[in-house]
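For reference, the structure is listed below as structure tokens.
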Amino acid sequence: MSREELFDKLAQAVIVGEPEGAEELARKALAQGLDPLVCINEGLTAGMDRVGELFASGEYFLPDLIIGGEAMKAGLAVLEPALTGGQEREVLGRVVLGTVEGDLHEIGKTLVGTMLTANGFQVTDIGVDKAVSEFIAAVRESGATLVGASALLTTTMLQQQRLVEALEEAGLRDQVKVMVGGAPVTQSWADKIGADGYAEDAISAVALARRLVGAPI
Ligand code: B1M
């Protein structure tokens, strides 16, 4: 199978919601020596974007989103370990990462965490639907100097603003940089709420995190 066919089949497995198919294709891709990140971006994420379009146009419903998400996660479970590669490296910085309160979208946040880990950051992933108090508790506990908040809904983006405010109120704002991301989030939103940076995807999140901790890009 050519790489284009494989990417297309990976995308289709997500679109029709076939976790076993996504897992098997992901294994095939690795066996063929394909770059796991390209498989994620051009296969799984392309499929997930299509699911989102079909949902927005009313052709797909909530169960289709759920099963599409399950298929994406099954493929990622195979591809993500190949991204990290298990290399020992110096720790560039400690990051607390989570999806904000009221928001259950985990896939993009987890991918950002995987890429940060793969690139030398120590990541405390606190999960989804996390209140600002939980971000703050994790920052205190881990001594993180970077906090990342993911939001996929226009309604939950407001929690990113609340997080910046709460860090200020807790007296932590000077020691912690804040990065934000998620499909509806933009650079201008990040500027408006006083975040230190915005990243569009997991690759740019790594570059941003490096910049924010003062590591060479
Ligand atoms: Co939801 N959903 N969803 N959903 N869902 C969206 C986000 C939506 C755009 C679909 C649509 O209408 N086209 C829409 C939001 C509309 C809006 O507010 N603008 C939507 C909706 C409406 C909803 C519900 C309200 C539906 C309902 O109940 N009626 C509901 C809300 C539940 C809740 O959170 N309270 C809901 C539920 C769900 C599921 C739980 C079923 C499921 C998630 C499953 C899971 O995560 N385990 C789901 C899914 C799968 C989606 C879509 C289809 C795909 C999201 C995804 O995983 N993408 C999504 C449509 C879309 O985005 N295309 C949609 C793949 C992932 C790799 O990309 O998450 O964007 P993404 O992450 C990227 C970047 O954004 C960035 O890097 C990542 C990797 O490249 N990034 C960061 C993300 N976080 C970052 C943080 C950073 C930096 C970069 O720094 C900290």
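In listed order, ligands and their atoms are each counted from 1.
- Among protein heavy atoms, atom 72 (O) of ligand 1 sits closest to Gly108 CA, 3.2 Å.
- Note: no N/O pair closer than 3.5 Å links Lys109 and ligand 1 by distance alone.
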Handout entry: Verdict with supporting geometry, Trp189 and Gln161, side chain to side chain donor-acceptor pair (under 3.5 Å)
Key = CA-CA 9 Å; Trp189 171 250; Gln161 180 169 27; over 6 Å; no

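- Closer than 4.0 Å to atom 56 (C) of ligand 1 lies at least one heavy atom of the protein.
- Under a 4.0 Å criterion applied to the non-hydrogen atoms of Ala56, ligand 1 contributes the atoms 13 (N).
- Interface atoms of ligand 1 facing Asp103, defined by a heavy-atom separation under 4.0 Å, are 34 (O).
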Exercise for the section: For the pair Asp191 and Ser188, evaluate side chain to side chain donor-acceptor pair (under 3.5 Å) and give the outcome as yes or no after the intermediate values. Expected result: CA-CA 5 Å; Asp191 294 341; Ser188 64; over 6 Å; no

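- For ligand 1, none of its N or O atoms has an N or O atom of Thr155 under 3.5 Å away.
- Protein heavy atom at the shortest distance from atom 54 (C) of ligand 1 is Met48 CG, 3.6 Å.
- Put simply, atom 15 (C) of ligand 1 has protein non-hydrogen atoms near it, under 4.0 Å away.
- Any N or O atom pair closer than 3.5 Å counts here, and Glu106 shares at least one such pair with ligand 1.
- An N or O contact shorter than 3.5 Å links Gly102 to ligand 1 by distance.
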Handout entry: CA sep, side-chain torsions, deciding dist, call: Ile107, Leu76, side-chain contact (heavy atoms from CB on, under 4.5 Å)
Key = CA-CA 9 Å; Ile107 296 170; Leu76 283 178; 3.7 Å; yes

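- Looking only at protein heavy atoms, the nearest one to atom 86 (C) of ligand 1 is Gly181 CA, 3.6 Å.
- Neither the backbone nor the side chain of Leu44 has a heavy atom within less than 4.0 Å of ligand 1.
- Taken to the nearest 0.5 Å, the CG atom of Leu146 stands 12.5 Å off from the CD atom of Gln122.
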Practice task
Take Asp8 and Gln12, measure what side chain to side chain donor-acceptor pair (under 3.5 Å) needs, and give me the verdict at the end.
Solution key: CA-CA 6 Å; Asp8 192 48; Gln12 280 303 323; 4.7 Å; no

Problem - Residues Val164, Arg173; criterion side-chain contact (heavy atoms from CB on, under 4.5 Å); working and verdict - result: CA-CA 8 Å; Val164 175; Arg173 191 65 185 98; 3.8 Å; yes

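- Looking at atom 89 (C) of ligand 1, its nearest protein heavy atom turns out to be Ala199 O, 3.3 Å.
- By the rule that hydrophobic residues join a cluster once side-chain heavy atoms approach within less than 4.5 Å of another member, Leu111 and Met179 end up as members of one cluster.
- Considering only heavy atoms from C-beta on, Ser150 stays 4.5 Å or farther from Leu97 through its side chain.
- A donor-acceptor pair is defined here as one N or O able to donate and one able to accept, closer than 3.5 Å; no such pair exists between the side chain of Glu23 and the backbone of Val78.
- Salt-bridge check for Glu101 with Arg162: failed, with every basic side-chain N at 4.0 Å or more from each acidic carboxylate O.
- Less than 4.0 angstrom separates atom 40 (C) of ligand 1 from none of the non-hydrogen atoms of the protein.
- The protein non-hydrogen atom at the shortest distance from atom 27 (C) of ligand 1 is Leu62 CD1, 3.9 Å.
- Among protein heavy atoms, the minimum distance from atom 44 (C) of ligand 1 is reached at Ile107 CD1, 4.4 Å.
- For atom 81 (N) of ligand 1, the nearest non-hydrogen atom from the set Gly47, Gly182, Gly58 comes from Gly182.
- Residue-level proximity to ligand 1 for Ser204 is absent, since no heavy atom of it falls below 4.0 angstrom.
- Of all the atoms in ligand 1, the ones that sit under 4.0 Å from a non-hydrogen atom of Gly148 are 91 (C).
- Both Leu44 and Ile66 are members of a single hydrophobic cluster when ILVMFWY side chains are connected at heavy-atom separations under 4.5 Å.
- Per-atom contact check: atom 76 (C) of ligand 1 touches the protein, criterion being a heavy-atom distance below 4.0 Å.
- Sparse packing is recorded around CD of Glu200, with 12 or fewer heavy atoms of other residues, nucleotides or ligands lying under 6.0 Å away.
- Contact between Leu152 and Ala183 at its shortest, heavy atoms only, is CD1-CB, 3.7 Å.
- Scanning the protein heavy atoms around atom 63 (N) of ligand 1, the nearest turns out to be Asp49 OD1, 3.6 Å.
- Residue Glu53 does not touch ligand 1, judged by heavy-atom distances below 4.0 Å.
- With sequence neighbours excluded, no residue satisfies side-chain hydrogen bond (donor to acceptor under 3.5 Å, both in side chains) with Gln32.
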Practice task
Kindly indicate, with the supporting measurements, whether the criterion side-chain contact (heavy atoms from CB on, under 4.5 Å) is fulfilled by Arg3 and Val38.
Solution key: CA-CA 10 Å; Arg3 29 181 279 142; Val38 179; 4.3 Å; yes

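- The CD1 atom of Ile15 lies 14.0 Å from the CD1 atom of Ile67; values are rounded to the nearest 0.5 Å.
- At a threshold of 4.5 Å between side-chain heavy atoms, the hydrophobic network of Ile, Leu, Val, Met, Phe, Trp and Tyr places Val213 and Val180 in two separate groups.
- Residue Ala202 approaches ligand 1 through these ligand atoms, each under 4.0 Å from one of its heavy atoms: 77 (O), 79 (C), 80 (O).
- Taking all atoms of both residues into account, the shortest heavy-atom contact from Leu104 to Val128 is O-CG1, 3.9 Å.
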Practice task
Decide yes or no on side-chain contact (heavy atoms from CB on, under 4.5 Å) for Phe121 and Val91, but give the supporting numbers first.
Solution key: CA-CA 5 Å; Phe121 287 86; Val91 174; over 6 Å; no

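- There is no protein heavy atom less than 4.0 angstrom from atom 61 (C) of ligand 1.
- Closest protein heavy atom to atom 74 (C) of ligand 1: Glu200 O, 3.3 Å.
- Ligand 1 does not have Gly68 within reach: every non-hydrogen atom of the residue lies 4.0 Å or more from it.
- Inside a sphere of radius 2.8 Å centred on atom 1 (Co) of ligand 1, the protein N/O/S atoms present are His105 NE2.
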